[in-house]
Number of protein chains: 2
Amino acid sequence: MDAGGETDFNMEEWPFYWLTRFSGRYLQQMELALKPIGLDVAQWRVLMALRDRERLSVSEIADHAIAKLPTMTKIIKRMESDGLVACAPRPSDQRVTEVRLTPEGEAASREAWAAANRIYARTFEGVSARDVASLNRLLRTITRNIVL
Amino acid sequence: MDAGGETDFNMEEWPFYWLTRFSGRYLQQMELALKPIGLDVAQWRVLMALRDRERLSVSEIADHAIAKLPTMTKIIKRMESDGLVACAPRPSDQRVTEVRLTPEGEAASREAWAAANRIYARTFEGVSARDVASLNRLLRTITRNIVL
DNA sequence: GAATAATAGTTGACTATTCAAGTAATGTTC
DNA sequence: GAACATTACTTGAATAGTCAACTATTATTC
């Protein structure tokens, strides 16, 4: 496959094309679904990160959400002043700022997850569980491969 | 699958998790690869859109790159003042601004595609052509489904 | 254990993106 | 064909994201 040359190259056979395109539409739809909840995509990423663990440092959230650290600082500050999260220095290491959801943040999280599930349901309607599993497997592989 | 509830939910079995994660890393890597060429991700999206067609309107590019129209206006203006693209009103409809690559823009495009191909090669190393084809097929389906 | 290095985060100046409101050209309706 | 609506952008004010430089805390080295 030679995407740069003059040879016959079909964009639709290039996975990056579809991944970019899908990702863009996913963000559009999430943005739309989050608006009534009073959230944006950046905040949604923080809620996703805080789904599994109760407390995370700002760096850990930035890493998980694949955002730069200063960006994440400011997103967290916004969410803090909106009352969605609470921040406190970690007792064992005062350098790290630990972030956790407030009850209000948990409520927003539940609403956001419900919205995400609705989008998921219609997006994968008619796709078999086996195909979803294959997709996850392949995505995990290429996500690992791309970093080098 | 109930991503919002208290039930056992494994993020790694949720395709949106991987799609978001992959997409983030892809953008990181492209950003890195484009820097020496003097391009950013926004400009790369324009070059991608202009790969197949010689001339596109600002709206068409915005739509293809899944960006908002005012954003695209400004990206195009930046690229125009960098000498990468040229703009002219469409003769048959003076409202539309047609954008095409300059020779300089074509050169940048070739370099960017080469960089993208290098990333693609290492990302999909060891992935069979059949799996790539399945991935494309599934991505096309879910990209169509998500919009409703 | 004082000096230096490394880590975690924040801040401020700069750039990029977005929303809302504007302009200009084309379509439509009566 | 004049008035109104729609389309295709563009612009300016507000917001968000980024880079470089800074502070504070912990780790390491001599």
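Proteins get letters first, then strands, A, B, ... in listed order; numbering begins at 1 in each. What you see is a predicted model; the values in this text were computed from it and never measured.
- Heavy atoms from other residues, nucleotides or ligands lying under 6.0 Å from CZ of A:R90 number more than 12.
- Computed from coordinates, the A:K68 NZ to D:dA20 P distance equals 11 Å when rounded to whole Å.
- Side-chain N/O atoms of B:T97 include one lying less than 4.0 angstrom from OP1 or OP2 on D:dT10.
- Straight-line distance from the CD atom of B:Q43 to the P atom of C:dA16: 9 Å, rounded to whole Å.
- For the pair B:I75 CD1 and C:dA16 C1', the computed distance is 9 Å after rounding to whole Å.
- A donor N or O paired with an acceptor N or O is found under 3.5 Å between the base of C:dT18 and the side-chain atoms of B:K74.
- With C:dA8, D:dC9, C:dT17 as the candidates, the nucleotide lying closest to the side chain of A:V96 is C:dA8.
- With D:dG17, D:dC9, D:dT11 as the choices, the nucleotide that has an atom nearest any side-chain atom of B:S57 turns out to be D:dC9.
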Heavy-atom contacts, protein to nucleotides 23-29 of chain D, under 4.0 Å, summarised as B (base), S (sugar-phosphate only) or - (none) per nt, yield --BB---
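- Separating the CD atom of B:Q28 from the P atom of D:dC19 is a distance of 11 Å, rounded to the nearest angstrom.
- You'll find that the side chain of B:T71 is closest to C:dT17, out of D:dC9, C:dT17, D:dT10.
- Ring orientation note: the planes of A:W113 and B:F9 are nearly perpendicular, at an angle over 60° on the 30°/60° scale.
- Comparing A:E98 and B:A42 by the nucleotide of DNA chain C whose heavy atom lies nearest to each, the residue mapping closer to the 5' end is A:E98.
- Counting heavy atoms of neighbouring residues, nucleotides and ligands inside a 6.0 Å radius, atom CD of A:Q94 exceeds 12 of them.
- Nucleotide D:dA16 holds its C1' atom 16 Å from the CG atom of A:L39, rounded to whole Å.
- Aromatic ring pairs are classed by plane angle as parallel below 30°, tilted from 30° to 60° and perpendicular above 60°; the pair A:Y26 and A:F22 is parallel.
- Rounded to an integer number of Å, the gap from B:L56 CG to D:dC9 P is 11 Å.
- Around atom CD of B:E12, more than 12 heavy atoms belonging to other residues, nucleotides or ligands sit under 6.0 Å away.
- When rounded to the nearest whole Å, the span between CG of B:L69 and P of C:dT23 equals 17 Å.
- Separating the CD atom of B:E31 from the P atom of C:dA16 is a distance of 12 Å, rounded to the nearest angstrom.
- Considering only heavy atoms from C-beta on, A:L135 stays 4.5 Å or farther from A:D131 through its side chain.
- The side chain of A:K77 lies closest to C:dT10 when the candidates are D:dA13, D:dC9, C:dT10.
- Here the options are A:L56, A:L84, A:I61, the test is side-chain contact (heavy atoms from CB on, under 4.5 Å), and the partner is A:V99; only A:I61 passes.
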